[in-house]
Structure formats: structure tokens, C-alpha cells
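Worksheet: the structure to be examined is printed underneath.
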Amino acid sequence: MIEQILTDKVMEAVKSLYQLDATAAQVQLQNTRKEFDGDITLVVFPFTRASRKSPETTAAEIGEFLKTNTAEVGDFNVIKGFLNLSIKKDYWLSFLSGNCNADRFGFLEKDAEQPIIVEYSSPNTNKPLHLGHIRNNLLGFSLSRILQAAGKNVVKVNLVNDRGIHICKSMLAWERWGNGETPESSGLKGDHLVGKYYVIFDKQYKEQIAALVSEGYNAEDAAKKAPLIVEAQQILQKWEAGDEETISLWKKMNGWVYEGFAVTYKTLGIEFDKTYYESQTYLLGKELVEKGVQQGVYSRREDGSVWIDLSAEGLDEKLLLRSDGTSVYMTQDMGTAMQRYEEFSPEQLIYVVGNEQEYHFNVLKVVLKHLGCAWAGSIYHLSYGMVELPAGKMKSREGTVVDADDLMQEMFDTSEAMARELGKIETFDDTEAHKLYRTIGLGALKYFILKVDPKKNMLFNPAESVDFNGNTGPFIQYTYARIKSVLRKADEAGFGVSAVDLNSVELLPQEKDLIRKVHDFPAVVLLAAEMHSPAVIANYAFELASEYNRFYHELTILKEDNMASRGLRLCLSQFTAKVIANSLWLLGIEVPERM
RNA sequence: GGCCUCAUAGUUCAACGGAUAGAACGGAAGUUUCCUAAACUUUAAAUAUAGGUUCGAUUCCUAUUGAGGCUACCA
């Protein structure tokens with residue numbers, strides 16, 4: 001890539017001109033702004049100290065050096081401290097003809113055996129997935145693909161929270177009010193059925209609390225004393241004691257939930273390499289805590305509970321083991337992290353978890369560090385913000401959550417209505433049309449969520465997301481489909497996508513811009529991987545599609561009578577289509593061959 | 001109270017410390033009915049406030065204001 005060549009040359013230039021050993025980071029290259037001449041701009045301010053000359057002079061000297069010593073640099077101009085370099089047409093054209101048939105353009109071959117573990121999804125088994133989980137799942141899955149494309153060996157893991165008081169609540173409510181209802185008998189998806197009883201529990205529980213409060217209890221005591229919660233806790237104790245009946249009900253209901261989740265995951269198009277269950281990991285970590293106590297880095301109180309004082313790190317005191325010797329969330333996470341370290345010795349351990357747990361992960365890292373685990377530094381919490389709706393905030397207790405299955409169905413319906421209205425599906429048979437709705441609806445949903453910087457809270461507007469215009473998934477998919485259509489027509493007309501004849505072809509400024517855009521793709525993938533952000537890819541994909549749309553049309557391509565020029569345009573179209581498809585693949589979005 | 005994150009056009013989003021802060025949707029004005037398209041062109045419109053750091057700040061630091069989150073022997 002040209003950036004690498006220039007970086008090396010610039011370092012050579014400042015060495016030769018000013019005896020400065022510059023680092024690659026000091027060489028700041030950026031795309032030249034449209035209003036100036038040139039393709040790539042070097043910011044020369046970092047070198048003025050060594051040159052002891054004005055920015056303009058320094059830039060001119062470096063520019064002269066590059067022009068004489070770099071084959072690719074055709075010319076240069078200087079504006080203030082910015083050195084604008086023009087890259088020769090030949091470079092762009094040979095890049096284009098050399099890569100336009102490479103299917104995996106922009107993707108690096110696997111360069112490391114040491115894996116990166118990405119944990120995401122991690123659902124509770126007491127209720128169906130909702131919009132917040134969708135952001136989690138999309139981020140985790142997309143990030144995994146981006147890291148893969150950047151040459152990493154990625155292991156996608158899911159840690160299912162299948163035990164605890166929450167599932168006991170559903171179990172209790174089902175036993176009491178369920179009348180043996182099953183997914184088959186009710187026609188409900190398993191996870192929805194179990195979620196229904198979780199809601200019933202919550203409602204009844206609230207009523208009990210209210211009753212107790214009216215009898216004079218304060219709210220806190222009432223919440224602890226309500227018979228339902230006491231019973232649920234008894235069920236949890238029975239579960240921990242291995243009571244057969246309890247375990248059997250637990251297995252049955254979790255089984256329903258897994259069937260339901262499998263459907264949701266499949267529809268959403270995400271998958272895992274490995275699934276862990278907390279029922280099998282929740283005891284891990286205790287021996288780590290004991291070890292810490294012996295080493296004197298954690299302290300045991302009189303009541304037997306174990307704590308760590310992190311006030312030196314700006315955090316609080318944190319409980320690691322309860323007085324009755326049972327573990328807490330932190331204990332488990334210490335254990336599972338250690339387990340993964342031992343199993344994979346990963347380069348990085350990424351947790352895709354909402355930002356409300358930032359504190360938890362900060363503590364986790366510090367606690368492990370105190371224990372002497374140097375690898376604690378490889379833990380990365382990909383923290384993401386909440387998803388809000390135009391209607392307002394989602395609160396699971398107030399029933400304003402958006403269910404994942406319902407939302408996806410709504411997206412499919414909307415995309416169908418949209419496609420019908422635009423008359424897009426007249427030539428499609430039912431199966432094709434059905435598939436198209438799903439591709440578009442899902443593309444809209446995924447793109448809308450992934451285009452936003454993960455760390456920011458975001459607002460999800462379903463209607464806006466399926467728009468065929470604007471910064472949306474369907475717009476990009478549509479651009480892809482149109483390019484494919486042009487290529488088909490060209491093929492029918494016998495034009496073909498031939499190699500570009502470098503000597504005779506003229507390159508319009510817009511065409512060069514488009515080539516540059518495509519040329520940037522590999523760098524964009526690396527940046528996205530480094531920043532752990534699919535949003536980088538999403539925004540790039542939109543820019544590329546816009547760039548193509550702004551200038552290229554079927555008419556300009558097919559009605560061009562200059563053979564070389566038409567060949568160039570077809571070649572560039574094909575290349576653009578591939579890069580769009582690759583970008584969308586990184587986001588987990590499918591491309592339709594026609595729409 | 002303490003800690004963390006965020007704050008950019010009317011709205012939803014961009015901008016490794018770099019040039020005149022980009023788009024999209026929606027406004028306004030105009031040209032069109034030719035491509036798989038109500039499209040195209042033009043236009044108005046924003047860095048919460050006050051300081052600081054430096055060649056240069058939306059970006060880094062400090063304070064203030066506002067929004068959200070965390071601050072459980074829940075997970």
C-alpha cells in the first residue's frame with residue numbers, strides 16, 4: 001500500500017535532510033482534502049524542530065526529496081505546514097487491475113496462533129432476549145469478524161447464566177400458576193414462555209410487598225420477607241443441594257429457553273464457537289480467593305467473608321467471598337478468566353458487556369493483578385451504551401422492553417411493505433421475495449445499531465432504519481445490488497470485465513477518488529480492529545456506497561463507447577461491489593444479488 | 001456524597017491533536033420524469049459554558065452546567 005511506501009520514504013528523507021530518526025508514528029499521512037491538489041498529505045510540523053526551518057521550507061524540502069526518490073510520487077505542493085503529494089496515475093491503475101479480482105481483498109491471513117477470546121451475548125435464562133441484547137450480540141459477532149479479518153485467531157464464547165435466583169422465580173411461578181403449560185401446548189416460544197412466568201412472579205411478588213407495606217413494614221423489609229421471595233430462595237438452596245425434583249424442573253425449563261434462544265440466534269445470524277454454563281462455572285474462583293488470602297493480598301474478616309481493599313486504586317472495598325463461603329459474581333469471573341487463561345493462553349480476553357458493569361471489570365482486573373496474574377492486563381471490556389427508543393427508555397420492569405424476536409419480525413414486515421411500495425419484488429417468486437425481506441430487514445437493523453460508536457448511548461428508530469435512502473443498511477445493500485445488475489447487463493451485452501489497459505485509459509478525478517476509497521479498505525479494517533469498533537467499518541461502507549452512487553450510473557458505464565474507459569468502469573464497479581460485500585460481511589450483514 | 005461515561009445543525013450520526021467541523025434525514029428554493037431511485041442541483045443550520053496546555057483543540061487538562069450509569073454478602 002502506498003502509505004507504507006511513503007512512510008518509509010519520509011523517514012528516509014528526514015534522516016537524510018535533518019539527521020532525524022523519526023518514528024513511524026511521527027509520520028502523519030492523511031487523505032488530501034478535496035479542495036486541494038494532491039492525494040496524500042504529510043503533516044510536517046513534527047519535523048520542523050529538527051529542520052530548524054519554517055514549516056513551508058521544511059515541507060518543500062521533503063517534497064523535493066520524495067519527488068526525486070519515490071517512483072509513485074508525481075508532484076507535490078505546499079500549503080502552510082501541509083505537504084500535498086500527488087500519486088501517479090499508474091500507481092492507482094496498477095493497484096486496481098492487480099486487486100479487482102481478489103475476493104478476500106482487505107482481509108489478512110491468520111498471523112497468530114494465540115487466540116483472542118470474545119465473550120458476548122451471555123444471556124440470563126429467565127426471559128427472552130431484548131433490544132439491549134441485540135446490540136450486545138451484534139457488537140460481539142461483528143467485532144469477532146473484524147478481528148479475524150485483521151489476522152487474529154478468534155474464539156467466540158457465550159457464558160449462559162443458567163442458574164440463580166432469577167430462574168428460580170420463573171420455576172416457582174410456573175409450578176404454582178402454570179397448569180403444566182409447555183411450549184407445545186401454548187404455542188409460545190420456549191424463552192417467551194419462561195419469561196411469561198418471570199413476569200407473573202414479579203407481579204405477584206410486588207403485590208405481596210405492597211400488602212406487607214400496608215401492614216406497616218418498611219419497603220426494604222417487605223421485599224425480603226414476602227413469602228414468594230422466601231420460597232424462591234428455598235428453591236435455589238434445593239438446587240444447590242442437588243435436589244432431584246428441582247434440578248429436573250430446572251433442566252426442563254432451561255431446555256425450553258435454549259430452544260428459543262437457538263431460534264433467535266439463528267434469525268439474527270450469530271453463532272459461537274463455545275458455550276459455557278454458569279451452573280458449571282459458578283464454583284470456580286474460590287480457590288483463587290483462598291490463595292489470595294494466604295498471600296495476604298485479600299483479607300478475611302471475623303465473620304469469614306473475604307474482601308479486598310482497592311482504595312489505593314481509587315476503587316472501594318470489594319467482597320470476594322460471602323461469610324457463608326459461597327461465591328459472588330466477582331469470584332466466578334475470576335475463576336472463568338483463569339480457566340480461559342489456562343485453556344487458551346489468549347493474547348486478549350474481550351468481554352462484550354454493557355457499560356453498567358464498567359466498575360465490575362475494573363475491579364476484576366485489579367483483583368487479578370493483586371493475585372500476581374500478569375495477564376490481567378489482557379482483559380478488555382468492550383463497554384457499550386444503552387439503546388433507547390423514540391418512545392423513551394426501556395425498563396424491563398415496566399414492560400417497555402422491545403423483544404428481540406418481535407423487533408426482528410417488525411423489521412421483516414416493514415421491509416416487505418417498503419419493497420412492495422417501491423415495486424421492487426414484481427419479478428421475484430415467493431421464496432426469493434421472502435428471503436429478500438429478511439435480508440433487508442436484518443441489514444437495516446444491524447447497520448443502524450452498528451454504525452454508532454459502541455460506547456455511546458443510542459436511539460433506535462425502526463422506521464428510519466429501513467429507509468432505502470440515507471445512511472442505512474438497505475441503501476448500501478441496494479448499491480451493491482445495482483452494481484451487480486450493471487455487471488450482469490454488461491455481461492449480456494458481451495462487454496465483460498476486462499483487465500484495464502494502463503496506457504490508453506484516462507482517469508477522471510471522481511474515478512481516482514473511488515479507487516482511493518477502495519484502496520483504503522485494508523487500513524480501515526485494521527483501524528476497526530484496533531479500536532474494537534464496527535462503527536468504523538459501517539461508516540466506511542456508507543461513504544464508499546455514496547461515492548459510487550454520486551458518480552457512477554448504469555448509463556455512464558454501459559453507454560460509454562470508449563472500450564478502455566468502459567473496461568475501467570466495469571472493473572472499478574466490480575471492485576467496489578466486492579469491497580462493499582466485504583464490509584457488510586464484517587458487520588454480519590448479507591448482500592442481495594438483486595433487489 | 002463518591003466514582004465513571006457522554007454532551008457537535010431541528011433530528012440521528014461522523015471527524016489518529018491538523019487545513020474552511022463532514023454526512024444523512026427533515027426545512028427552504030429550483031431543475032427534472034432518463035437510468036432498478038422523488039432523483040438531481042442550490043441553500044440555511046452545530047462543537048453546552050469558562051479557563052488552560054501549543055505552531056494548531058470538537059479531541060488533552062481544570063472548573064461549571066446538563067444527561068446517563070455505577071456505588072448490594074443480586075447476577
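Keep in mind it's a predicted model, so treat the numbers as computed, not measured. Chain A is the first sequence line, chain B the second, and so forth, proteins listed ahead of strands; every chain is numbered from 1.
- Pairing partner, rC16(B): none, since no Watson-Crick or wobble contact has both distances short of 3.5 Å.
- Contacts of Glu543(A) with the nucleic acid, taken as non-hydrogen atoms under 4.0 Å apart, are absent.
- Looking at heavy-atom distances under 4.0 Å, Asn126(A) makes no contact with the nucleic acid at all.
- Contacts of Val43(A) with the nucleic acid, taken as non-hydrogen atoms under 4.0 Å apart, include base atoms.
- Look at Lys451(A) and you won't find any side-chain N or O under 4.0 angstrom from OP1 or OP2 of rA14(B).
- Ala535(A) comes within 4.0 angstrom of no nucleic acid atom, judged by non-hydrogen atoms across all strands.
- Applying the 3.5 Å distance criterion, the base of rA24(B) shares no donor-acceptor pair with the side chain of Ser546(A).
- As rounded to whole Å, 14 Å separates atom P of rA38(B) from atom CG of Asn549(A).
- Pairing of rA24(B), defined by two Watson-Crick or G-U wobble distances under 3.5 Å, is identified with rU11(B).
- Within the 4.0 Å cut-off from OP1 or OP2 of rA24(B), not a single side-chain nitrogen or oxygen of Arg550(A) is found.
- Geometrically, Lys517(A) does not engage Phe521(A) in a cation-pi contact, judged by NZ or CZ lying under 6.0 Å from the ring centre and within 45° of the ring axis.
- The partner of rU33(B) cannot be assigned: no Watson-Crick or G-U wobble pair with both contacts below 3.5 Å exists in any strand.
- Within 4.0 Å (heavy atoms only), Met458(A) reaches sugar-phosphate atoms of the nucleic acid but no base atom.
- For the pair Phe45(A) and rG18(B), the ring geometry qualifies as stacking, because the centroid separation is below 5.5 Å while the planes lie within an angle under 30°.
- Across all strands shown, Asn31(A) has no heavy atoms under 4.0 Å from either base or sugar-phosphate atoms.
- Taking the ring centre of Tyr276(A) as origin, the terminal cationic atom of Arg340(A) falls inside the region bounded by 6.0 Å and 45° from the ring axis.
- Cation-pi geometry between Arg594(A) and Phe428(A) is met: the NZ or CZ atom falls under 6.0 Å from the ring centre, inside 45° of the normal.
- rA67(B) sits 25 Å from rA72(B) when the C1' atoms are compared, rounded to a whole Å.
- As a whole-Å value, the separation of Arg488(A) CZ from rC35(B) C1' is 15 Å.
- Dashed line: the shortest gap from a side-chain N or O of Asn469(A) to OP1 or OP2 of rA39(B) is under 4.0 Å.
- The P atoms of rA57(B) and rG18(B) are separated by 11 Å, rounded to the nearest whole Å.
- Side chain Gln28(A) to base rC16(B): a donor-acceptor pair is found below 3.5 Å.
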Exercise for review: Apply side chain to side chain contact (heavy atoms under 4.5 Å, CB included) to the pair Arg322(A) and Ser305(A), showing each step before the final yes or no.
Suggested key: CA-CA 5 Å; Arg322(A) 292 197 191 99; Ser305(A) 58; 5.8 Å; no
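- Rounded to the nearest Å, the gap between the P atom of rU49(B) and that of rU41(B) is 33 Å.
- Nucleotides rU8(B) and rG30(B), compared at atom P, are 33 Å apart to the nearest Å.
- Pairing of rA38(B), defined by two Watson-Crick or G-U wobble distances under 3.5 Å, is not identified with any nucleotide.
- The residue Phe475(A) sits apart from the nucleic acid: no heavy atom pair falls under 4.0 Å.
- Ring geometry for Tyr548(A) against Tyr552(A) counts as perpendicular: the plane angle is over 60°, on a 0 to 90° scale with 30° as the lower cut.
- Taking a pair to require two hydrogen-bonding distances under 3.5 Å in either a Watson-Crick or a G-U wobble arrangement, rA63(B) pairs with rU49(B).
- Phosphate contact (OP1/OP2 of rU12(B), side-chain N/O of Lys456(A), threshold under 4.0 Å): absent.
- For the pair Asn84(A) CG and rA19(B) C1', the computed distance is 9 Å after rounding to whole Å.
- Judged by Watson-Crick or G-U wobble contacts below 3.5 Å, the nucleotide rC70(B) has rG2(B) as its partner.
- Taking the 5.5 Å centre cut-off and the 30° plane limit, the aromatic side chain of Phe542(A) is not classed as stacked on rA23(B).
- As judged by a 4.0 angstrom heavy-atom cut-off over every strand, Asp453(A) is placed among residues touching the sugar-phosphate backbone only.
- Across all strands shown, Lys169(A) has no heavy atoms under 4.0 Å from either base or sugar-phosphate atoms.
- By the stacking rule of 5.5 Å between ring centres and under 30° between planes, Tyr478(A) does not stack on the base of rA37(B).
- Distance noted for atom P between rC25(B) and rU20(B): 27 Å (whole Å).
- rA57(B) is unpaired under the Watson-Crick or G-U wobble criterion, no partner having all donor-acceptor distances under 3.5 Å.
- When heavy atoms are screened at a 4.0 angstrom cut-off, Tyr359(A) is found touching the sugar-phosphate backbone but no base atom.
- A donor-acceptor contact under 3.5 angstrom links the side chains of His360(A) and Asp333(A), judged on distance only.
- For the pair Glu56(A) CD and rC55(B) P, the interatomic distance rounds to 15 Å; values are reported in whole Å.
- A distance below 6.0 Å separates the ring centres of Tyr277(A) and Tyr258(A).
- Distance Lys34(A) NZ to rA15(B) C1': 14 Å, rounded to the nearest Å.
- Put simply, CE on Met386(A) is 15 Å from P on rC6(B), counting in whole angstrom units.
- For Arg163(A) against rA75(B), no side-chain N or O and base N or O form a donor-acceptor pair under 3.5 Å.
- Using a 4.0 Å cut-off, some side-chain N or O of Arg33(A) falls inside it from OP1 or OP2 of rG22(B).
- Under the 4.0 Å criterion applied to side-chain N and carboxylate O atoms, Arg301(A) and Glu317(A) are assigned as salt-bridge partners.
- Rounded to whole Å, atom C1' of rC74(B) lies 11 Å from atom CD of Gln357(A).
- Rounded to whole Å, the distance from CG on Asn77(A) to P on rA19(B) is 16 Å.
- Remark: the Asp303(A) side chain and the rC73(B) base include a donor-acceptor N/O pair separated by less than 3.5 Å.
- Ring geometry, His532(A) versus Tyr380(A): the interplanar angle falls under 30°, so the pair is classed parallel (tilted spans 30 to 60°).
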